[in-house]
Amino acid sequence: MLINHPILGPRDASEFVYKGDAALINRPAPDAPDALEQFIDYGYLRDNPAGAHRELWFHEQGDRSWLVVTRNTLTHEITDVELARDVARREGRSK
């Protein structure tokens with residue numbers, strides 16, 4: 001499987017480590033009134049879709065960047081790759 005890194009171009013998936021659902025970018029606020037419940041959901045509940053799914057991948061054997069990869073879980077076809085920092089900023093996370 002090839003991952004088309006936004007900066008480095010096509011790279012073999014063996015250079016990367018799969019880190020889970022891209023929803024992990026949206027970490028709950030620790031000072032929220034229901035923070036405990038939010039962190040339990042954040043840590044333990046995951047979707048397991050058949051089809052398009054956004055995933056976090058870490059470029060461990062390369063530039064050590066974090067990517068959000070949109071991949072079809074049935075066919076392994078990758079339809080989009082973005083830097084995770086760009087996704088987080090677009091979704092309202094400043095850090």
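The figures that follow rest on heavy atoms only: side chains count, while hydrogens, waters and symmetry mates do not.
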Visitor: Using the side chain to side chain contact (heavy atoms under 4.5 Å, CB included) criterion, which residues pair with Ile25? Sequence neighbours excluded.
Guide: Leu56, Val68, Ala84, Val87, Ala88, Arg93

Visitor: What is the minimum heavy-atom distance between Pro28 and Phe39, and which atoms define it?
Guide: O-CZ, 3.4 Å

Visitor: For His59, give me all partners under ring-ring contact (aromatic ring centres under 6.0 Å, His included), at least two apart in sequence or on another chain.
Guide: His5, Phe16

Visitor: Would you kindly confirm whether Leu2 and Val69 end up in one hydrophobic cluster when ILVMFWY residues are joined by side chain heavy atoms under 4.5 Å apart?
Guide: no

Visitor: Residues in side chain to side chain contact (heavy atoms under 4.5 Å, CB included) with Tyr18, at least two apart?
Guide: Glu55, Trp57

Visitor: Consider only side-chain heavy atoms of I, L, V, M, F, W and Y, link residues closer than 4.5 Å, and tell whether Tyr44 and Leu24 are in one cluster.
Guide: no

Visitor: Test of understanding: with salt bridge (charged side-chain N to carboxylate O under 4.0 Å, His left out), list the residues that count as partners of Arg90, not counting sequence neighbours.
Guide: Glu82

Visitor: Donor-acceptor pair, distance only, cut-off 3.5 Å: does the side chain of Asp47 make one with the backbone of Pro49?
Guide: no

Visitor: Could you work out, with salt bridge (charged side-chain N to carboxylate O under 4.0 Å, His left out) as the rule, every residue matching Glu60, not counting sequence neighbours?
Guide: none

Visitor: Taking side-chain hydrogen bond (donor to acceptor under 3.5 Å, both in side chains) as the test, write out the residues that go with Gln61, two or more places apart.
Guide: none

Visitor: Over all heavy atoms of both residues, which pair between Leu83 and Pro6 is shortest? Give the atoms and the distance, please.
Guide: N-CG, 3.9 Å

Visitor: Identify the heavy atoms of Ala29 and Ala35 that sit nearest to each other, and give their distance.
Guide: O-CB, 3.8 Å

Visitor: Just so I know, are the side chains of Arg85 and Trp66 near enough to count as touching, which here means a heavy-atom distance under 4.5 Å?
Guide: no

Visitor: Which pairs count as ring-ring contact (aromatic ring centres under 6.0 Å, His included) when at least one residue sits in residues 70-90, sequence neighbours excluded?
Guide: none

Visitor: Is Val17 reachable from Ile3 through a run of hydrophobic residues whose side-chain heavy atoms are each under 4.5 Å from the next?
Guide: no

Visitor: Could you tell me the separation between the CD1 atom of Ile7 and the CG atom of Asp63, rounded to the nearest 0.5 Å?
Guide: 6.0 Å

Visitor: Could you list the residues that satisfy side-chain hydrogen bond (donor to acceptor under 3.5 Å, both in side chains) with Asn4, not counting sequence neighbours?
Guide: none

Visitor: Does any non-hydrogen side-chain atom of Thr73 lie less than 4.5 Å from one of Asn48?
Guide: no

Visitor: What salt bridge (charged side-chain N to carboxylate O under 4.0 Å, His left out) pairs are there with at least one residue in residues 13-22, not counting sequence neighbours?
Guide: Arg11-Glu15

Visitor: Which residues pass the side-chain hydrogen bond (donor to acceptor under 3.5 Å, both in side chains) test with Thr75, not counting sequence neighbours?
Guide: none

Visitor: Check side chain to side chain contact (heavy atoms under 4.5 Å, CB included) between Asp41 and all other residues, then give those that pass, not counting sequence neighbours.
Guide: Leu45

Visitor: Sequence neighbours excluded, which residues qualify as side chain to side chain contact (heavy atoms under 4.5 Å, CB included) partners of Thr79?
Guide: Thr70, Glu77

Visitor: Rounded to the nearest 0.5 Å, what separation is found between the CG atom of Asp12 and the CE atom of Met1?
Guide: 9.0 Å

